[in-house]
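Data first, discussion second: the structure below is written as structure tokens.
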Amino acid sequence: MSRVVVIIPVKPPAVGKSRLDLAAPRRIALATAFARDTLEAALRAETVEQVLVVTDDFRFAALAQESGCAVIPDGVTGDLNASLVQAAHEAARRWPGLRIAALCADVPALQAEDLDTALTEANDHRSSFVRDAHGTGTSLYVAAEVELFAPRFGVGSAAAHRDGGASELGGDLLTLRQDVDDAGDLGRALALGVGAHTAQALVEG
């Protein structure tokens, strides 16, 4: 089984998830919870050797380290893809020989089994991606080695990854595809079953 380092970029929760249209304290709590549930699901995946969190938020960095993740600061502020490429090179330096994946931090219903399924299928491709539930975005991007790692996250990223030569990974992968940007997304994630941190944040909110 090919092992993987998963890079998870995490915006400072204070500026994340603005489309949820909630009061700042609850929005921050939920953004934090989404990311914690995402990285903890990644840590549970059998195919994942390491999780590398990229964030400039010192509070979240401490939480990620407590969970067992490695953490580095955002290397290129305002340019997610450039920051991911920089993180990929750092991952290749620390853990040579591992495949490299970038996973969005807002999939709070993520089950390790769905991530394992996608990462196992990705073994058959030089680079690959998982389309998000909306159909236009990307929740996971994988490359066999750092020289092939060319993420194209942003508006229309699914088409951008496909046009860049990445293979689309199939299967239901419902918990991996369901990212959360707005209230409707959150409702669909709840129907799938969110992680403990998101569930707790909703109760406390």
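Because the structure is predicted, anything quoted here is derived from the model rather than measured.
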note = Contacts of Glu145 meeting salt bridge (charged side-chain N to carboxylate O under 4.0 Å, His left out) (sequence neighbours excluded), chain-then-number -> none
Pair Val53-Phe60, side chain to side chain contact (heavy atoms under 4.5 Å, CB included): steps then yes or no = CA-CA 9 Å; Val53 173; Phe60 192 85; 4.1 Å; yes
query = What is the minimum heavy-atom distance between Ala109 and Ala189, and which atoms define it?
reply = CB-O, 3.8 Å
ask   = Just how far is it from atom CZ of Arg188 to atom CG of Asp182, taken to the nearest 0.5 Å?
value = 6.5 Å
ask   = Between Asp132 and Ser139, do the side chains contain an N or O donor and an N or O acceptor separated by less than 3.5 Å?
value = no
query = For Phe34, does its backbone N or O pair with a side-chain atom of Asp106 as donor and acceptor, under 3.5 Å?
reply = no
message = Would Val142 and Phe129 count as a side chain to side chain contact (heavy atoms under 4.5 Å, CB included) here? Give the steps.
response = CA-CA 6 Å; Val142 191; Phe129 70 99; over 6 Å; no
request  = Rounded to the nearest 0.5 Å, what's the gap from CG on Leu115 to OG1 on Thr120? Could you check?
outcome  = 9.0 Å
ask   = Among side-chain atoms of Thr198 and Asp37, is any donor-acceptor pair under 3.5 angstrom?
value = yes
ask   = Is a side-chain donor-acceptor pair under 3.5 Å present for Thr138 with Ser157?
value = yes
ask   = Do the non-hydrogen side-chain atoms of Pro73 and Val54 ever get within less than 4.5 Å of each other?
value = no
inquiry  = Ignoring hydrogens and geometry beyond distance, is a side-chain donor-acceptor pair present between Glu40 and His197 at under 3.5 Å?
reply    = yes
message = Please determine whether the number of non-hydrogen atoms from other residues, nucleotides or ligands lying under 6.0 Å from atom CZ of Arg94 exceeds 12.
response = yes
task = For residues Ala166 and Ser127, report the shortest heavy-atom separation together with the two atoms involved.
result = CA-OG, 3.4 Å
ask   = Is the shortest heavy-atom distance from the side chain of Tyr141 to the side chain of Leu103 under 4.5 Å?
value = no
query = Quick check: does any side chain N or O of Arg152 sit under 3.5 Å from a backbone N or O of Ala150, one acting as donor and the other as acceptor?
reply = yes
key: Test item: Leu63 and Thr32 side chains (from C-beta on) under 4.5 Å apart, heavy atoms   = yes
task = Go through the side-chain N and O atoms of Gln86 and Glu90 and say whether any donor and acceptor fall under 3.5 Å apart.
result = no
query = Given the rule that I, L, V, M, F, W and Y join up when any side-chain heavy atoms are under 4.5 Å apart, are Leu174 and Val194 in one cluster?
reply = no
Reported CG-to-CG distance for the pair Leu176 and Leu192, which is rounded to 0.5 angstrom = 11.5 Å
inquiry  = Using a strict threshold of under 4.0 Å (side-chain N to carboxylate O), is an ion pair present between Arg131 and Glu168?
reply    = yes
request  = Evaluate the criterion side chain to side chain contact (heavy atoms under 4.5 Å, CB included) for residue pair Leu98 and Val4; output intermediate values, then yes/no.
outcome  = CA-CA 5 Å; Leu98 297 184; Val4 183; 6.0 Å; no
key: Sub-4.5 Å side-chain heavy-atom contact between Asp56 and Thr77   = yes
query = Going from CG on Leu110 to CD on Gln178, what distance comes out if it is rounded to the nearest 0.5 angstrom?
reply = 11.5 Å
query = Any donor and acceptor pair, going by atom type alone, linking the side chain of Thr55 with main-chain N or O of Asp57 inside 3.5 Å?
reply = yes
request  = Start with the C-alpha distance between Phe153 and His161, add both sets of side-chain angles, then the distance that settles ring-ring contact (aromatic ring centres under 6.0 Å, His included), and finish with yes or no.
outcome  = CA-CA 8 Å; Phe153 288 95; His161 282 126; 5.3 Å; yes
query = Just by distance, do the side chain of Ser83 and the backbone of Asp79 share a donor-acceptor pair under 3.5 Å?
reply = no
ask   = For the side chain to side chain contact (heavy atoms under 4.5 Å, CB included) test, which of Val85, Ile100, Leu80 pairs with Pro151?
value = Val85
inquiry  = Would you compute the distance between atom CG of Asp116 and atom CD of Gln111 and round it to the nearest 0.5 angstrom?
reply    = 11.0 Å
message = When you measure from the side chain of Asp114 to the backbone of Thr175, do you find a donor-acceptor pair of N or O atoms at a distance under 3.5 Å?
response = yes
key: Any Leu186 side-chain heavy atom under 4.5 Å of Leu202 side chain   = yes
request  = Taking the side chain as every heavy atom from C-beta outward, state whether Trp95 and Leu52 have any atom pair closer than 4.5 Å.
outcome  = yes
message = Using a 3.5 Å distance criterion without hydrogens, assess whether the side chain of Thr38 forms a donor-acceptor pair with backbone atoms of Ala105.
response = yes
inquiry  = Can you tell me how far apart SG (Cys69) and CD1 (Ile8) are? Round to the nearest 0.5 Å.
reply    = 6.0 Å
ask   = Which residue, Leu119, Val6, Asn123, forms the side chain to side chain contact (heavy atoms under 4.5 Å, CB included) with Arg99?
value = Asn123
request  = Decide whether Asp185 and His134 meet the rule of one side-chain donor and one side-chain acceptor closer than 3.5 Å.
outcome  = yes
For Ala64 against Leu39, the heavy-atom pair lying closest together = CB-CD2, 4.2 Å
ask   = With side chains defined as the heavy atoms from C-beta onward, is the minimum distance between Leu148 and His125 less than 4.5 Å?
value = no
